[in-house]
Amino acid sequence: MLHNIVYGILSLVTWSAFFYKAKDLIKDWRNPELRLLSLAIATFATPFVLAAPWLYVRLDALVGYPNLVTLPVYLSVATCLSSFLALLVSWSSAQSKVRLRHRLIVGYAVISVIAMVVLFLMGDVSDAEHPIDFDAYYAHTPYISEFLLVYSLLFAVSMSALMHLCWRYSKAVNKPWLRRGLRVVAVGAVFGLGYAVPKLVSLRWESHLADIVNSYVAPMLASISAGLFAVGFTMPAWGVGLDRARQFKADARAYRTLHPLWSAVAEAFPQIVLIQVPSPRMEHWGARNLYRIFGRLIIEVRDGRFALRRYSDPEVQHTGTDLKFLVSRQVTEIRDGQLLLLPYYQPQVATEARTRAQAAGLDTDDEEAVVEAAQIAAALQARLSGHTPPQTAAETPHDPADGNIEEEQAWLTRVGRAYHSSPIVKNYRSAAKCQATDVVAP
């Protein structure tokens, strides 16, 4: 029962990994490395379907020969291991060496497969079904013992090579998800050795403990190895997608946080706005209405660009596909607005806001963000009230980013959050204070 459950779960995991890569293979079927990877994953997934005891005995009954399914199971594993090795050689070797090493790998694999087929057919495994303990039961049967030896040696050699190549190559690549994937595969190869070594030992050491390890512990280690392989070899693909999803989430949060501050600055200085018809739609993004927003996008894309023109909504084409552009635009326009607001900055506003932030126990970064947001809010109020700014030079806004656009976005997002939600800043957003009016009056 346990083997059926574990093999069933691993079948879903490994076949899911295969179909995940199959879509890339369909797009680029001429890519030899992609073909090797797809073949390796498919042949690694097949044994978990065939070796499940409930299906194993039924297939044997269908062909009328006990334990015959063991042969395609082990041949699939041999093909898988050879494909993995060939793939790693392609990744890690110079092109002048790839062809020779591929020939050696394929030659060794072909010799092993032919030997396994011949030895299995020469042996006698027809006494009873052994879907779980085949290796332990026939470990000392003529020809089958040699069959298992050839298979176990191929498995052990392949796992050792995979472990070595993956770990060495992971140190040379500069793509984070590829590096992580190779290290996961290397760990999976260690568990694979935990499967192969007990089988080799049991062929020469006959004991009850060895049979238990060979029948139960080793398959579980192979199952762990299979799961790690499925994760590791597909990680470079879905890991990048995960980063994109995280980036999209971060950009959406930044856009939503920056919108109140950007809207106030854009309203004061319309000339700084790149897209003249702002759309506040994304300001209200949340779990409850996210489906409506993307649903609207699908409908609008389906209707076509020409139908969208009359609605004068130029951000529609960027909302879901180019969010990074919108956030960068907000950052740039907020900074442009700050430069225009500098003459209205008031030193006493910064002093008062800093005192209140320190009294509230804010850390240094949040304190500076509150001070910056308070200066912007007070400057906007002062400009709105129609007062002429003083002729004295204004203090340059706090800028910890030093030209780094990512840090600039993070900093202004913090300022935007303070502008929208800080109770200290809300005092300056409400109405122009008498004290501020006196200072900026001509």
* Within 6.0 angstrom of Q358 CD, more than 12 heavy atoms from elsewhere -> yes
* Stepwise, does the side-chain contact (heavy atoms from CB on, under 4.5 Å) test hold for M122 with E146? -> CA-CA 11 Å; M122 291 177 65; E146 287 74 15; over 6 Å; no
* To do: Kindly indicate whether the side chain of Q338, heavy atoms from C-beta on, has any atom under 4.5 Å from the side chain of F269.
  => no
* Asked: Taking side chain as C-beta onward, heavy atoms only, is L148 less than 4.5 Å from F134?
  -> yes
* Return the minimal non-hydrogen interatomic distance between A373 and V415, and the atom names on each side. => CB-O, 3.7 Å
* Distance-only, no hydrogens or angles: does the R35 side chain make a donor-acceptor pair with backbone N or O of R30 under 3.5 Å? -> yes
* To do: Answer yes or no: is there a donor N or O on one side and an acceptor on the other, between the side chain of S170 and the main chain of W167, under 3.5 Å?
  => yes
* With side chains defined as the heavy atoms from C-beta onward, is the minimum distance between L154 and Y108 less than 4.5 Å? -> yes
* Structure fact -> Between the CG atom in L326 and the CG atom in L258, the distance rounded to the nearest 0.5 Å is 11.5 Å
* To the nearest 0.5 Å, tell me how far T141 OG1 sits from D127 CG. => 8.0 Å
* How long is the gap from CG on L36 to SG on C80, to the nearest 0.5 Å? -> 11.0 Å
* To do: Mind running side-chain contact (heavy atoms from CB on, under 4.5 Å) on L342 and Y345 for me, showing each step along the way?
  => CA-CA 5 Å; L342 280 181; Y345 272 29; 4.0 Å; yes
* Asked: Would Q330 and L261 satisfy side-chain contact (heavy atoms from CB on, under 4.5 Å), going step by step from the backbone distance to the final call?
  -> CA-CA 9 Å; Q330 283 181 325; L261 175 59; over 6 Å; no
* Asked: Is the NZ or CZ atom of R180 both under 6.0 Å from the centre of the six-membered ring of W177 and within 45° of that ring's axis?
  -> yes
* Y56 and side chain to side chain contact (heavy atoms under 4.5 Å, CB included): which partner among T70, L50, N4, L68? -> T70
* List the steps, then state whether side chain to side chain donor-acceptor pair (under 3.5 Å) holds for Q247 with D251. => CA-CA 6 Å; Q247 186 62 50; D251 288 340; 2.9 Å; yes
* State whether the side chain of N67 and the backbone N or O of S126 hold a donor-acceptor pair below 3.5 Å, judged by distance alone. => no
* Heavy-atom pair with the smallest gap, counting every atom of S223 and Y7 -> OG-CE2, 3.7 Å
* Asked: Can you check whether F155 reaches K199 side chain to side chain, under 4.5 Å on heavy atoms?
  -> no
* **Closest non-hydrogen atom pair, G181 against M235** => N-SD, 3.5 Å
* **Distance in Å, Y138 OH paired with D124 CG, rounded so as to fall on 0.5 Å steps** => 7.0 Å
* Do V370 and E367 have side chains that get closer than 4.5 Å, going by heavy atoms? -> no
* Structure fact -> When every non-hydrogen atom of Y428 is compared with those of A353, the smallest separation belongs to OH-N, 3.8 Å
* Heavy-atom check, side chain of K171 versus side chain of R179, under 4.5 Å -> no
* **Exercise: identify the closest heavy-atom pair between A264 and L380** => CB-CD1, 3.7 Å
* Close side-chain approach of D366 to R417, heavy-atom, < 4.5 Å -> no
* Asked: In this structure, are over 12 heavy atoms from other groups packed under 6.0 Å from F191 atom CZ?
  -> no
* Donor-acceptor contact present, side-chain S38 to main-chain A22, <3.5 Å -> no
* Spacing of CE belonging to M116 relative to CD1 belonging to I111, to within rounding of 0.5 Å -> 13.5 Å
* Drop me the distance from L55's CG to D60's CG, to the nearest 0.5 angstrom. => 9.5 Å
* Looking only at atom types and distance, does a side-chain atom of S225 sit under 3.5 Å from a main-chain N or O of L221, one as donor and one as acceptor? -> no
* Do I224 and Y195 have side chains that get closer than 4.5 Å, going by heavy atoms? -> no
* **Whether W15 and F19 hold their rings parallel, tilted or perpendicular, with breakpoints at 30° and 60°** => tilted
* Chi angles and distances behind the side-chain contact (heavy atoms from CB on, under 4.5 Å) call for L149, L200 -> CA-CA 7 Å; L149 178 62; L200 288 171; 3.8 Å; yes
* Asked: Of all heavy-atom pairs between A189 and F229, which one has the smallest distance, and what is that distance?
  -> N-CE1, 3.5 Å
* Is there a donor-acceptor pair under 3.5 Å between the side chain of R414 and the backbone N or O of A410? -> no
* Would the number of heavy atoms belonging to other residues, nucleotides or ligands and lying under 6.0 Å from OH of Y143 be above 12? -> no
* **Side chain T43, main chain V77, donor-acceptor under 3.5 Å** => no
* Asked: Y74 and F147: aromatic ring centres closer than 6.0 Å?
  -> yes
